[in-house]
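Ligands are counted one by one from 1 in listed order, and the atoms in each one are counted from 1 as well.
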Amino acid sequence: MCGVFGVWGVPEASRITYLGLHGLQHRGQESAGIVTARGDQLYSFKRMGRVADVFNESALDALPGTVAIGHVRYSTQGMSIVKNAQPFAVEFAGTSLAIAHNGNLTNAGELRAELEAAGSLFHTTMDTEVFVHLLARAKGTLVDRLQKVLPRVRGAYSLLILTPDQMVAVRDPHGFRPLIVGRAPSGGPVFASESSALRLVEAVAEREVEPGEIVRVDADGETSHRVGASLPQPHQCIFEHIYFARPDSQIFGARVYEVRKAIGRRLAREEPVADADVVIPVPDSGTAAALGYAQEAGVPYEMGLIRSHYAGRTFIEPSSSIRHFGVKLKLSPVEHVIRDRVVVVVDDSIVRGTTSRKIVRMLREAGAKAVHMRIACPPTKNSCFYGIDTPTTAELIASTHSVDAIADFLDADSLAYLSIDGLHDSVTGRPGFCDACFTGNYPVPVPQVRFEGRLTERD
Ligand code: 5GP
Ligand code: MG
């Protein structure tokens, strides 16, 4: 997962992009970068870390111009190292080009092998670099080149590309990842993965970049082009609604917060808990669904777990062992809300089950009479190859364990998930979703070989 942001024709484009990236920080915390254009030059700055730590005044001052693209990264392909940070900038065909990518290509391995056999030298281990080599080998304008090469590229891509005199936004024909266009107060277009980034820069959302659309911006204005034929139905990532997107965003034509509440209401109807005293969320990802559950069930909603927003990536563990140390940094029970109560705890999803197990233990230690876990999506059984970093199926607890066995592992009094129909019924907006993580129905063939040569579990 990643987030992309771009602005055209605004004063202080680097600072506006810095703010926009803040509004997308939840989509990637590993690295952040901004590339601006002025004259016939591109200016780039990227580092490992979060937006606020990566940039300071002098870094932003060194990014001149009224045009910029930016990226926050959560690695799916390629290692988490600064060389793989984005936007990725190169020189080719006598000009400079920078690219920011949210998504994951499923045939990057094959394309890369083919390009290397033909003499291309790759600088990174990112699938994104494949675009650059393909574009460099094609002929014509940037849009011509994109129209020639994109039909060969499979998988998920929401892209922003910047050259000194134009910006291009592209969304793959399946529309796996969100990408919207808004309008800055200055009148210039703003592109962002989610609307959460627009509010911060006082831009107004206008529309989504359509699946399979190329939007090109230059000094003369905006034009729209197609990448191949349109598909009858897109395959928008349903997990964006469940977990990834920010609840104050609108994606795929629906309000994420409302979708999550509808999911919670449906879950309450499908999987009620008799004698429940209190419904609590696992914050923040379970909050909206838990609220919907509590409202539908008519059971009091309480914040029984408080999340620390200051738990960083690195911390010093005491040398004498403290049980479940990692989760204690992040979550802490409000004991009097839990004690002697039958607790329904709602979370968005279970991946490995290791955190959920610690949460159940924490609630028991806080004195819960019973702990019933409710999950706002079906069991996550299959890895994602379209841009969400789900672990291999071997690590996905639901791929190797029944719901009852997971309940035993978690030590929950009961465990229940939302049904797949319940999920689809709860999601509004533009129809057409990818639900492969639950159903295994992959709309684009999944790769046989991963980039670094690792064989995936799906061969
Ligand atoms: P688990 O019990 O599987 O260890 O952890 C469940 C938690 O992982 C849930 O609260 C959920 O919000 C979170 N989660 C779900 N999907 C992802 C993901 O793709 N990346 C990360 N970092 N966390 C996730
Ligand atoms: Mg969570």
Side-chain angles (χ1 to χ4, degrees), residues 1-3 25-30 50 72-77 80 102-104 156 176-177 193 237-247 256 260 263-264 267 280-291 293 303-309 311-313 324-332 345-363 371 373-401 403 405-412 415-418 423 434-438:
M1 286 308 311
C2 298
Q25 183 76 84
H26 61 289
R27 296 184 70 85
Q29 294 99 48
E30 289 182 3
R50 296 182 183 206
V72 287
R73 178 158 194 258
Y74 177 114
S75 56
T76 49
Q77 291 231 319
S80 180
N102 172 205
N104 196 35
F176 282 109
R177 300 285 143 223
S193 294
C237 170
I238 206 159
F239 202 63
E240 290 269 354
H241 268 308
I242 295 162
Y243 169 75
F244 221 86
R246 232 168 70 166
V256 175
R260 289 186 188 166
I263 282 173
L267 185 57
I280 68 165
V282 178
D284 297 322
S285 54
T287 302
L291 188 54
Y293 191 105
M303 296 300 292
L305 291 166
I306 298 300
R307 177 169 170 189
S308 163
H309 291 265
R313 292 198 146 231
H324 320 303
F325 182 75
V327 81
K328 285 196 174 93
L329 272 182
K330 235 177 152 179
L331 291 170
S332 174
V345 56
V346 180
D347 204 356
D348 66 292
S349 60
I350 294 178
V351 182
R352 292 181 171 87
T354 47
T355 308
S356 305
R357 179 187 165 104
K358 290 173 186 169
I359 288 167
V360 172
R361 173 69 65 92
M362 182 178 276
L363 295 172
V371 179
M373 190 135 198
R374 293 293 178 269
I375 302 300
C377 67
T380 305
K381 293 186 174 180
N382 310 285
S383 305
C384 179
F385 295 87
Y386 314 128
I388 295 219
D389 187 27
T390 27
T392 57
T393 46
E395 297 163 275
L396 289 171
I397 191 167
S399 115
T400 51
H401 292 68
V403 174
I406 300 170
D408 282 348
F409 174 75
L410 302 183
D411 189 31
L415 167 69
Y417 289 82
L418 183 68
L423 175 60
C434 174
D435 60 10
C437 48
F438 310 122

Query - Leu305 vs Pro283 side-chain heavy atoms within contact, under 4.5 Å - result: yes
Report summary line: Hits for side-chain hydrogen bond (donor to acceptor under 3.5 Å, both in side chains) against Arg357, two or more places apart or cross-chain, chain-then-number order -> none
Query raised in the report: When the ring planes of Tyr74 and Phe244 are compared, do they come out parallel, tilted or perpendicular, using 30° and 60° as the limits?
Result: perpendicular
Report task. Applying side-chain hydrogen bond (donor to acceptor under 3.5 Å, both in side chains), name anything that partners Arg27, two or more places apart in sequence or on another chain. Result -> Asn102, Glu194, Glu240
Requested in this report: Report yes if the side chains of Leu410 and Val371 come closer than 4.5 Å at any heavy-atom pair, otherwise no.
Outcome: no
Requested in this report: Write out the protein residues near ligand 1, meaning a non-hydrogen atom under 4.0 Å from one of its atoms, in order of chain and number.
Outcome: Tyr74, Phe239, Tyr243, Ser285, Asp347, Asp348, Ser349, Ile350, Val351, Arg352, Gly353, Thr354, Thr355, Ser356, Ile388
Query raised in the report: Are Val345 and Val282 side-chain neighbours, meaning at least one heavy-atom pair lies under 4.5 Å?
Result: yes
Query - Heavy-atom side-chain proximity of Thr355 to Asp347 below 4.5 angstrom - result: no
Query - Minimum-distance pair of heavy atoms, taken over all atoms of Lys381 and Ala398 - result: CG-O, 3.6 Å
Query - Min side-chain heavy-atom separation Val72-Gln25 under 4.5 Å - result: yes
Query raised in the report: Under 2.8 Å from the Mg ion (ligand 2), which protein N/O/S atoms are there?
Result: Ser285 OG
